[in-house]
Structures are given as C-alpha cells and as structure tokens.
Amino acid sequence: MKVLFVASECAPVIKVGGLADVIGALPKALQALGVEVTVALPHYAKITNPELAEQSPFPIKLFKNGSELFDGPYDSPSAIGHSRKEERRFKTFNLIVFDWLKNKDFDIIHCHDKHASLLPKLLETLKTPKSVLTIHNMANKGSAATGLSVGIKFADFITTVSPQYAKEIQTEKFGEGLEKLIQKRAKEGKLEGIMNGLDTDYWDPKTDPKVTYKLQEDPVSFKVHNRRRLLDYLGLDLDPKVPLFTFVGRLDEQKGFDLILTAWPKFSKEQHVHLVILATGDPDYARRLRDTEVDLDKFFGRPEVTFIDKFDENLAHQIYAAGDFFLMPSRFEPCGLTQLIAMRYGAIPIVHDVGGLHDSVENNVTGLVFSDYGTPALVKSLEQAIELYSSPDMAKIRIRCLSADFSWGKSAKRYLDIYHSLSS
Ligand code: ADP
C-alpha cells in the first residue's frame with residue numbers, strides 16, 4: 001500500500017499547530033503497519049532547516065513553485081481564515097503535486113484540510129489513485145472554489161479527527177454552512193471520525209530531552225521539580241500549596257479566550273493562584289491578555305497571570321511538565337492535542353464538553369469537564385480544581401491521565417482499513 005499525504009504542515013519541518021503533529025506522527029504509525037507513506041509539503045521560505053525533511057523517518061517531498069519557494073504557510077496570525085494570496089498559493093501547490101503524482105503509483109492520496117482540498121477534484125479525472133480527505137478544522141474551510149467544500153464533495157472518503165466532531169459537523173452550529181453536504185456524504189457511509197493520537201516517543205515525560213526532570217516512579221516529585229524550575233525561570237514565587245494553571249495554544253476565539261479573559265480575573269480575586277499562558281495569534285487577544293496581566297498585578301501587588309507571546313517548542317514541553325492543571329475551554333475543538341499532551345505530562349485538563357475534548361476527557365475521572373459554554377461554568381470548574389488539588393482524588397486523576405493510551409496504533413489501523421476498502 002502506497003500513500004501520499006498532502007498537507008500544509010509537518011512537524012518538525014514546519015509547525016503552526018496540531019496539524020503538524022498529526023502529519024509528523026501518523027505516517028510513522030502507518031509505516032509500522034507496512035504502509036509506504038510519503039508526505040508532500042510546500043517548500044516555504046519559512047522552512048529554515050530543510051535538512052529536517054531529509055532526516056525524517058518517512059520521505060518528505062518539498063515542492064517549490066517552479067524555482068521559487070512558497071510564502072507562508074499562512075497569512076493570518078491565528079492560522080484560521082484565508083486571503084486571496086493564501087488561496088492562490090495552495091491552489092498552485094495542489095496543481096504541482098497533481099502533475100507530479102500522475103506518473104507515480106500511489107494507491108491513495110490522503111489530503112489534509114482545505115490546503116489539499118482541490119486534489120480530490122483533480123483526481124476525479126484519473127481512475128486511480130483514490131482520495132481520502134481529513135478535515136482537521138471546519139472553521140478553516142477556505143473558498144468555495146478550492147476549499148473544504150470541494151474536497152468534501154469529491155473525496156472518495158472523508159474522515160475527521162474525533163468521533164464527536166464527526167457528529168457535530170453535521171449540525172448547523174458546527175458545520176460552517178457545509179452541514180448539508182457533510183450529511184449527504186455521511187448518509188453514503190463516507191464519513192468517519194477517527195481520534196488523533198500523539199507521537200508518544202516524542203511526547204514522553206520519561207525521556208523528553210526538553211524537560212529537565214524526567215518522570216520516574218513518583219509523579220508528584222516530577223511535578224514539583226518541573227514546576228519549581230519553570231517558576232524560577234519566569235521569576236515567580238508561588239505557594240507550593242496552591243496549584244499552577246497553564247495554557248499552551250493558538251490565540252484564537254476557538255480556544256475559548258473570551259472565557260479565560262473573563263473567568264480568570266473573577267476567579268483569582270479569591271484565590272492566589274497563577275496562570276501561565278504560552279500562545280501566539282490574534283493581536284486583539286494578545287493586547288487584552290497583556291492588559292489583564294498588568295491589571296491583576298496592580299490589583300494584587302503580584303502577578304496572577306503570565307502571558308508569553310511567542311511560539312516556543314522547548315518552553316511548551318516545560319509548561320506541560322510543570323502545570324498542575326491545563327485550561328482548554330474551547331468553544332469548539334475538532335480533536336485537540338494539547339489536552340492529550342497535558343494529560344501525558346500529568347497536568348489535569350479543564351475542558352469544555354465539545355468535540356475531541358468530549359471524547360478524550362472524562363469528568364472527575366481524567367479531568368474536569370463543563371457543559372454550558374460561559375464564564376460561570378469555567379469559574380466553577382476552576383473552583384473545583386482548587387478543591388481537587390488538596391483532595392486525595394488529585395493523585396488518582398493524575399495517575400489515570402499519566403497512564404492513558406494516546407498512541408496512534410488503533411487509529412492508524414482504522415485508516416489502513418479505509419485505504420484497503422477504497423483500493424481493492
Ligand atoms: P490546534 O491544532 O487547534 O492549534 P492542537 O491542540 O491540536 O491545536 O495542537 C496544538 C499544537 O501546537 C501542540 O503541539 C502545542 O504544543 C503546539 N503549540 C501551540 N501554540 C504553541 C506555542 N505558542 N508554543 C509552542 N507550541 C505551541
């Protein structure tokens with residue numbers, strides 16, 4: 001079985017968000033099942049270290065636009081939305097990849113998101129290979145001419161990144177206007193939600209070179225040491241008896257920043273706890289977070305939130321390892337990887353009951369889950385977190401998080417079944 005992945009990101013070559021993690025990890029899991037996977041990526045000017053593509057355990061082919069590098073990857077700071085320029089860039093990329101693959105013997109072209117959504121239509125003109133489209137985020141649907149609607153219409157099979165999100169995108173609330181089209185493909189039996197996994201070798205608290213104190217037998221000392229190290233690095237002093245809250249991710253409406261911005265000041269008036277946020281994206285949220293940082297500092301005479309406005313892979317690992325709780329109050333969440341990473345590093349997730357968060361976090365078992373998207377519900381969950389922190393249940397929940405299985409194995413097998421069903 002020969003499969004070509006076509007995508008806009010692939011870790012570690014070029015990463016903006018979770019899509020890169022998936023494209024960097026799923027091919028390895030498929031290889032372990034005997035599938036030959038090649039990844040096609042635009043060769044962006046922003047790829048500073050193209051050798052990473054050569055060193056990858058699976059072939060990564062970087063496509064130039066003639067002799068030119070592509071701009072990008074994206075034009076908008078939070079990665080969602082699209083400009084004409086961005087649309088043209090990915091249209092060209094799809095056409096170039098199509099020309100190239102015509103003379104190859106791939107069985108399946110696995111297209112990811114709007115950036116590869118024109119390919120299923122182009123492939124209609126050939127008998128083989130067959131196409132699979134994975135929807136990683138409906139909110140990033142792109143244009144009617146080249147975006148997700150094209151891929152959804154023409155792909156031989158459609159997947160999305162969690163079972164719950166597969167249901168949600170068939171509704172008006174989450175379908176971004178494409179729900180009727182998605183319902184039609186679902187009725188034909190051509191839609192399935194397959195949960196994303198993690199590259200568990202890379203995200204491994206026992207061996208992670210980016211984390212100073214590795215996880216050994218005792219999860220508490222793993223947390224305590226990494227927390228102290230992070231607080232020292234940030235110049236913060238926090239009472240060891242109170243929990244450290246964390247967030248890593250894109251600054252985007254999707255991630256529930258409106259709730260964080262309203263809930264946190266309310267909550268921290270009562271509790272002298274701390275929230276560390278590592279995030280880049282929407283400049284308006286960045287400004288409001290900076291204002292909150294200053295206001296709380298003035299109000300309490302000490303900072304109650306630290307906002308780090310950069311993309312920093314090393315620091316992200318340290319924050320997962322240091323945090324007691326991980327906030328993810330997303331308005332919607334196709335799968336979400338950060339809650340999985342947090343759990344793997346023993347940071348208990350606080351999540352909105354939606355999409356992949358619904359499928360991966362169980363209330364009071366592996367995290368804290370709230371249903372009604374709004375400030376009061378998040379404040380309530382934060383208060384529950386304080387109670388939980390000093391109760392014996394904390395250790396139990398942490399152990400369950402640390403021992404959960406987030407590997408790709410089962411999901412990769414499901415993808416392979418789909419490939420077989422299309423190519424036989
Ligand atoms: P999304 O794909 O919606 O951005 P995910 O939860 O699926 O969200 O994945 C986000 C990925 O990007 C994770 O690997 C996370 O650690 C990483 N990430 C996001 N923002 C940052 C940042 N500012 N610095 C470092 N890593 C980040």
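In this chain, numbering begins with 1 at the start of the sequence shown. Both ligands and their constituent atoms are indexed starting at 1 by order of listing.
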Show which atoms of ligand 1 fall inside a sub-4.0 Å distance from at least one heavy-atom site of [X].
X	value
Ala279	23 (N)
Arg250	1 (P), 3 (O), 4 (O)
Ala316	25 (C), 26 (N)
Asp21	11 (C), 13 (C), 14 (O)
Lys310	22 (C), 23 (N), 24 (N)

Can you label the angle between the [X] ring and the [Y] ring as parallel, tilted or perpendicular, going by 30° and 60°?
X	Y	result
Phe245	Phe267	perpendicular
Tyr415	Trp408	tilted
Phe247	Phe257	perpendicular
Phe222	Tyr345	tilted

If you measure only the distance, is there a donor-acceptor pair under 3.5 Å linking the side chains of His82 and Ser143? no
Can you report which non-hydrogen protein atom sits closest to [atom], along with the distance?
atom	result
atom 7 (O) of ligand 1	Leu337 N, 3.3 Å
atom 19 (C) of ligand 1	Gly249 CA, 3.5 Å
atom 14 (O) of ligand 1	Lys15 NZ, 2.8 Å
atom 27 (C) of ligand 1	Phe311 CE1, 3.4 Å
atom 10 (C) of ligand 1	Gly18 N, 3.4 Å

Contact with ligand 1 for Ile341, non-hydrogen, under 4.0 angstrom: yes
Within the structure provided, determine whether Tyr320 and Val211 are in side-chain contact (heavy-atom separation under 4.5 Å). no
One thing to verify: whether [Y] and [X] come together as a salt bridge, which I'm taking to mean a side-chain N less than 4.0 angstrom from a carboxylate O.
X	Y	value
Arg414	Asp417	yes
Lys410	Asp405	no
Arg287	Asp284	yes

Nearest-0.5 Å distance that lies between atom CG in Asn49 and atom CD in Gln55: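 Here the interatomic distance stands at 7.0 Å.
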At a non-hydrogen distance cut-off of under 4.0 Å, which region of Tyr320 contacts ligand 1 (side chain, backbone, both, or neither)? side chain
Using a 4.0 Å heavy-atom cut-off, which part of Asn137 comes near ligand 1: side chain, backbone, both, or neither?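 For Asn137, there is no contact with ligand 1 at all, from either part.
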Option whose closest heavy atom lies nearest to atom 24 (N) of ligand 1, chosen from Asp199, Leu340, Asp312: Asp312
Min over Lys255, Glu313, Met328, Gln339 of heavy-atom distance to atom 8 (O) of ligand 1 lands on Lys255
